[in-house]
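Just so it is clear, the model here is predicted, and its values are computed rather than measured. All residue numbers in this chain count up from 1 along the given sequence.
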Amino acid sequence: QAQLRQSGGGSVQAGGSLRLSCEISEYASYKYSMGWFHKAPGKELEGIAIIDSNDFITYVKSVKGRFTISLDKAKNTLGLQMNRLNPEDTGLYYCAASPNVYYTENTRYSADMYRTWGQGTQVTVSS
């Protein structure tokens, strides 16, 4: 059974940076999509950065140019470097994995498509 274990996060002032990590264990699929999801207070869970087994990386508009997703295959670790953080980035962040590759935005960023989840990490950005 695949497991994802998150670390990182915390509190930072606007303009600052944080890094999230997601350790991937017992995940055996040659085809996959892995990504980061953000649950802002009072809002729906939203996919924000996805990487797949084709090494294709996409970001939603709100984080593009500020966040960088990475997958270290040697260390089995998914990372999210978050720069120039603003208060709207506050919330819970989850890493997630799927044994499929998605080619449309609707499926690629949909939480329903991902079956394995990390435990969540809180990020708080103060103004």
Side-chain angles (χ1 to χ4, degrees):
Q1 181 74 20
Q3 292 185 345
L4 306 180
R5 185 173 65 185
Q6 296 180 225
S7 60
S11 299
V12 68
Q13 288 193 324
S17 298
L18 287 172
R19 180 172 178 81
L20 305 181
S21 292
C22 178
E23 183 181 336
I24 306 159
S25 62
E26 300 181 39
Y27 195 84
S29 176
Y30 73 93
K31 186 170 67 172
Y32 56 81
S33 294
M34 296 188 182
W36 291 94
F37 289 73
H38 175 217
K39 175 68 170 68
K43 294 188 176 180
E44 298 287 320
L45 184 65
E46 175 191 31
I48 58 172
I50 307 294
I51 183 170
D52 64 30
S53 46
N54 297 318
D55 290 332
F56 184 51
I57 293 174
T58 57
Y59 302 94
V60 294
K61 185 178 179 181
S62 60
V63 307
K64 194 170 185 178
R66 299 189 299 122
F67 291 10
T68 302
I69 188 173
S70 60
L71 179 60
D72 187 330
K73 297 176 185 178
K75 296 182 179 179
N76 290 332
T77 301
L78 182 72
L80 185 68
Q81 178 65 39
M82 305 185 291
N83 298 329
R84 302 201 316 270
L85 285 159
N86 59 60
E88 288 70 37
D89 297 318
T90 292
L92 283 166
Y93 285 77
Y94 298 88
C95 59
S98 166
N100 295 300
V101 174
Y102 304 108
Y103 299 98
T104 66
E105 278 197 6
N106 285 347
T107 53
R108 192 170 175 87
Y109 292 108
S110 172
D112 292 339
M113 298 293 124
Y114 295 78
R115 66 176 66 170
T116 305
W117 291 83
Q119 79 275 21
T121 302
Q122 176 68 36
V123 170
T124 303
V125 184
S126 58
S127 57

Can you tell me if CD on Gln13 sees more than 12 non-hydrogen neighbours from other groups inside 6.0 Å?
no

Side chain proximity check, Asp89 to Leu18, heavy atoms < 4.5 angstrom:
no

Donor-acceptor contact present, side-chain Ser33 to main-chain Asp52, <3.5 Å
no

I want to check something: taking the side chain as every heavy atom from C-beta on, are Ile69 and Leu78 in contact at a cut-off of under 4.5 Å?
yes

For the side chain of Arg66 and the backbone of Arg84, is there at least one donor-acceptor N/O pair under 3.5 Å apart?
yes

Members besides Val101 in its Ile/Leu/Val/Met/Phe/Trp/Tyr cluster (side-chain heavy atoms under 4.5 Å):
Tyr103

Heavy-atom check, side chain of Leu71 versus side chain of Lys73, under 4.5 Å:
yes

Heavy-atom closest contact (Thr121 atom, Gly9 atom, distance):
CG2-CA, 3.7 Å

Residue pair Lys39 / Lys43: nearest heavy atoms and the distance that separates them:
NZ-O, 2.7 Å

Are the side chains of Thr58 and Tyr109 in contact, using a 4.5 Å heavy-atom criterion?
yes

Between Tyr114 and Phe37, is the ring centre distance below 6.0 Å?
yes

side-chain contact (heavy atoms from CB on, under 4.5 Å) between Thr107 and Asn100, worked out:
CA-CA 10 Å; Thr107 53; Asn100 295 300; over 6 Å; no

Name the orientation class of the two ring planes belonging to His38 and Tyr93 (parallel below 30°, tilted from 30 to 60°, perpendicular beyond 60°).
parallel

side-chain contact (heavy atoms from CB on, under 4.5 Å) evaluation trace for Cys95 with Met34
CA-CA 7 Å; Cys95 59; Met34 296 188 182; over 6 Å; no

Measure the OG-CG distance between Ser11 and Leu85 for me, rounded to the nearest 0.5 Å.
11.0 Å

Chi angles and distances behind the side chain to side chain donor-acceptor pair (under 3.5 Å) call for Thr124, Gln122:
CA-CA 7 Å; Thr124 303; Gln122 176 68 36; 3.3 Å; yes

First locate atom OG of Ser127, then atom CD of Glu88, and finally report the distance between them rounded to the nearest 0.5 Å.
9.0 Å

Please round to the nearest 0.5 Å and tell me the distance separating atom CG of Asn106 and atom CG of Asp112.
11.5 Å

same_hphob_cluster(Phe56, Val60) at 4.5 Å side-chain heavy-atom cutoff
no

Identify the heavy atoms of Thr90 and Val125 that sit nearest to each other, and give their distance.
OG1-N, 2.9 Å

Please round to the nearest 0.5 Å and tell me the distance separating atom CH2 of Trp36 and atom CG of Leu20.
4.5 Å

Any residue meeting side chain to side chain contact (heavy atoms under 4.5 Å, CB included) with Lys64, in chain and number order, not counting sequence neighbours:
Tyr59

Over all atoms of both residues, closest heavy-atom pair of Ala14 and Pro87:
CB-CD, 4.2 Å

Please find the pair of heavy atoms, one from Arg19 and one from Gly79, that lie closest to each other, and give the distance.
NH2-CA, 3.8 Å

I need the Ser25 OG to Gln3 CD distance, nearest 0.5 Å.
4.5 Å

Spatial distance of atom CG (Leu4) from atom OG (Ser21) [nearest 0.5 Å]
12.5 Å

In short, Met113 meets Tyr102 closest at the heavy-atom pair O-OH, 2.9 Å

